[in-house]
A.B. asks: 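Take a look at this one; I'll ask things after.
Numbers here are sequence positions counted from 1. Whatever order the structure lists them in is the order used to number ligands and atoms, beginning at 1. Side chains are part of it too, since the values below use all heavy atoms of this structure and drop only hydrogens, waters and symmetry mates.
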Amino acid sequence: MLRLNLGKPAKSRREFLKTGGAILGAGVLCARTLGLEAKPELPDRRDTTGQAASNAADYVLRIAASAIEIAPQRFISTITYNGQFPGPLLRFKEGQAVTVEIHNHTDTPEQLHWHGQKVSTDIDGAAEEGTPYIPAHGMRTVTFTPQPAGLRFYHTHNRGGADLSAGQYGGQVGPVYIEPKNHPGDYDREVFLTLKEFEPSLSQGGDMPQDFLAPVAKVKELEQRGESAMKASLGKGMPHGFEVGYRYFTINGRMLGHGEPVRVKQGESVLFHVLNGSATEIRSLALPGHSFKVVALDGNPVPRPNEVPVLWLGTAERISAIVRMTNPGVWVMGDLADDDRRHGMGIVVEYAGHKSKPVWTPPKPFRWNYARFADPNRTAPQPDETIEMTFTKRNAAQHGFNLWAINEVVFSPASMAPAHHLLEGRRYRIHMRNASDDIHPIHLHRHSFEITKLAGLATSGVRKDVVMLGGYQELDIDFTADNPGLTLFHCHQQLHMDFGFMTLFDYAGDH
Ligand SMILES: [Cu+2]
């Protein structure tokens with residue numbers, strides 16, 4: 001029996017159970033292991049390990065090595081939050097302060113990053129910004145006001161480097177839902193899905209999907225630059241740099257067919273909150289015979305909700321989408337990559353009264369375009385300043401690992417001087433140019449940004465905190481400098497961020 005702790009005090013315990021029911025139904029972990037059915041109410045501020053939480057904590061998270069059962073009798077040993085995968089769903093209320101106690105039962109100092117939230121550098125969970133570590137075998141209590149509303153998440157911000165048991169390669173990922181003050185309410189219930197691979201290994205050259213993004217406008221100059229650099233390094237006898245592959249694929253910690261299905265009724269509308277919790281992979285998701293009405297990207301409502309046959313999510317991206325259950329049967333909701341789906345990347349959707357072998361049929365080819373959800377009648381305001389960034393790859397330059405540079409600077413813990421200086425209140429545009437053939441899920445900490453130009457086409461109204469930039473393409477994002485303090489900007493692909501793909505902003509007056 002796994003020992004798990006949910007760490008929710010009595011006052012909001014019932015609420016957690018209510019909302020947690022949705023994920024349990026979707027097969028996060030069975031109620032047996034969570035002990036939820038047996039003990040619906042906790043007697044006091046203790047988590048289920050019997051350890052007392054201090055007075056003020058609304059939630060307790062415990063970082064520790066544990067076993068998770070991804071299929072019957074198939075156990076993964078990894079670092080988790082509270083002994084489960086994903087970590088417990090933390091439900092916050094927009095604008096209502098919350099206190100979280102984070103215990104670190106490992107030998108490694110930890111950073112817990114509140115991804116997608118507008119918090120201070122002291123809370124954010126990035127050593128580069130100066131957030132204090134949660135000491136090994138120690139703890140840290142953080143109090144902050146959750147914002148903005150919507151689907152966020154928490155994850156470790158430790159570096160993995162060449163160590164594929166560290167960083168986000170393990171099980172340190174959990175969803176956060178910040179309830180908006182006013183609910184849209186056009187659905188019957190919510191289901192949270194966290195997509196995650198386990199047992200990573202290195203290979204030379206990968207098979208990442210490259211051709212699903214739209215619009216496509218490869219920039220000749222970037223392509224020539226990237227290809228000549230690659231040719232030069234291969235010509236010197238260098239192999240391709242390392243990529244990461246995985247043995248097991250899961251949704252909510254269970255391989256396809258081995259968890260509880262998502263149980264639905266004909267006619268109901270289910271709001272899926274999908275989180276790509278992968279360290280390195282881009283994921284897709286389709287449900288045969290159904291479409292997804294995308295209502296939010298990275299937790300932020302989109303100006304133009306729109307139906308799509310497939311969801312695509314770069315590392316750390318989130319999509320909230322409503323599915324109308326109008327096609328009774330038993331279906332596989334899964335990744336388009338046959339290999340990954342066969343190794344677990346999917347979950348069964350089962351209509352009430354139907355029992356049969358789950359059916360998978362691939363959707364028609366479909367390209368993912370953020371602008372589909374944009375506001376067609378709005379033009380983004382002009383920025384006060386534009387920051388130019390070019391991303392380059394140095395093939396296999398460090399012990400077989402690719403190094404990554406922003407404007408020719410490879411970020412390293414030894415050289416962390418902020419490269420860009422912000423003035424509070426100004427609107428900045430980052431003009432990003434990708435001189436590599438990889439897709440990069442680009443992330444800005446502590447701020448939301450607006451996509452303002454996609455492959456040469458102006459767009460407006462889509463606000464995110466991670467965006468995929470296609471190979472040899474250009475992309476503009478705008479943000480308002482409204483949260484002073486050091487601010488990290490990086491590719492969220494763990495292998496890229498760990499090997500240089502990072503930079504820091506600071507604000508005038510920070511020092
Ligand atoms: Cu990248």
Side-chain angles (χ1 to χ4, degrees), residues 113 115 126 128 155 157-162 164 167-169 195 197 200 202-213 218-219 222-223 225-227 229-230 233 240-246 276-284 298 312-317 368 370 389-398 400-412 419 430-445 449 451 454-455 464-477 488-504:
H113 173 46
H115 185 117
E128 297 82 355
H155 64 83
H157 215 283
N158 277 18
R159 187 172 185 273
L164 301 190
Q168 215 180 303
Y169 294 112
L195 283 41
E197 310 80 7
L202 294 174
S203 64
Q204 284 169 324
D207 58 349
M208 203 76 102
Q210 298 291 351
D211 55 354
F212 63 91
L213 286 176
K218 285 192 178 176
V219 178
L222 295 173
E223 193 164 12
R225 194 169 162 184
E227 287 187 352
M230 182 58 81
S233 103
H240 280 282
F242 288 120
E243 303 287 343
V244 175
Y246 299 89
N276 181 353
S278 179
T280 57
E281 299 255 296
I282 293 163
R283 299 258 62 103
S284 58
D298 293 350
W312 283 94
L313 304 98
T315 306
E317 283 192 299
W368 182 253
Y370 295 114
M389 288 193 191
T390 302
F391 308 138
T392 48
K393 172 160 72 177
R394 300 182 188 172
N395 182 52
Q398 186 171 298
F401 289 88
N402 298 323
L403 283 180
W404 294 92
I406 300 177
N407 296 344
E408 298 300 335
V409 177
V410 177
F411 190 89
S412 84
I430 309 178
H431 174 56
M432 300 186 283
R433 311 179 77 227
N434 181 4
S436 75
D437 56 350
D438 303 62
I439 295 172
H440 301 291
I442 301 293
H443 175 44
L444 179 66
H445 278 233
F449 55 73
I451 302 174
L454 255 178
K464 296 179 78 351
D465 51 63
V466 181
V467 63
M468 285 183 279
L469 169 57
Y472 303 130
Q473 303 222 26
E474 293 182 307
L475 179 71
D476 286 3
I477 56 173
L488 199 57
F489 170 100
H490 63 89
C491 176
H492 215 287
Q493 215 277 24
Q494 182 100 45
L495 205 54
H496 300 181
M497 68 183 275
D498 288 352
F499 288 90
F501 204 143
M502 268 197 186
T503 192
L504 271 172

A.B. asks: Check this for me: does any side-chain nitrogen of one of E317 and R283 sit under 4.0 Å from a carboxylate oxygen of the other?
C.D. replies: no

A.B. asks: Considering only NZ, NE, NH1 and NH2 on the basic side and carboxylate oxygens on the acidic side, decide whether E474 and K218 come within less than 4.0 Å.
C.D. replies: no

A.B. asks: Distance check below 2.8 Å: does H492 bring an N, O or S atom to the Cu ion (ligand 1)?
C.D. replies: no

A.B. asks: Which word best sums up how the rings of W368 and Y370 line up, parallel for under 30°, tilted for 30 to 60°, or perpendicular for over 60°?
C.D. replies: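 Aromatic pair W368/Y370 classed perpendicular.
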
A.B. asks: Step by step, work out the side chain to side chain contact (heavy atoms under 4.5 Å, CB included) result for M502 and E128.
C.D. replies: CA-CA 10 Å; M502 268 197 186; E128 297 82 355; 3.6 Å; yes

A.B. asks: H496: which N/O/S atom is nearest the Cu ion (ligand 1)?
C.D. replies: ND1

A.B. asks: Take the Cu ion (ligand 1) as the vertex and measure to ND1 of H440 and SG of C491; round to 10°.
C.D. replies: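 Approximately 130° at the metal, rounded to tens of degrees.
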
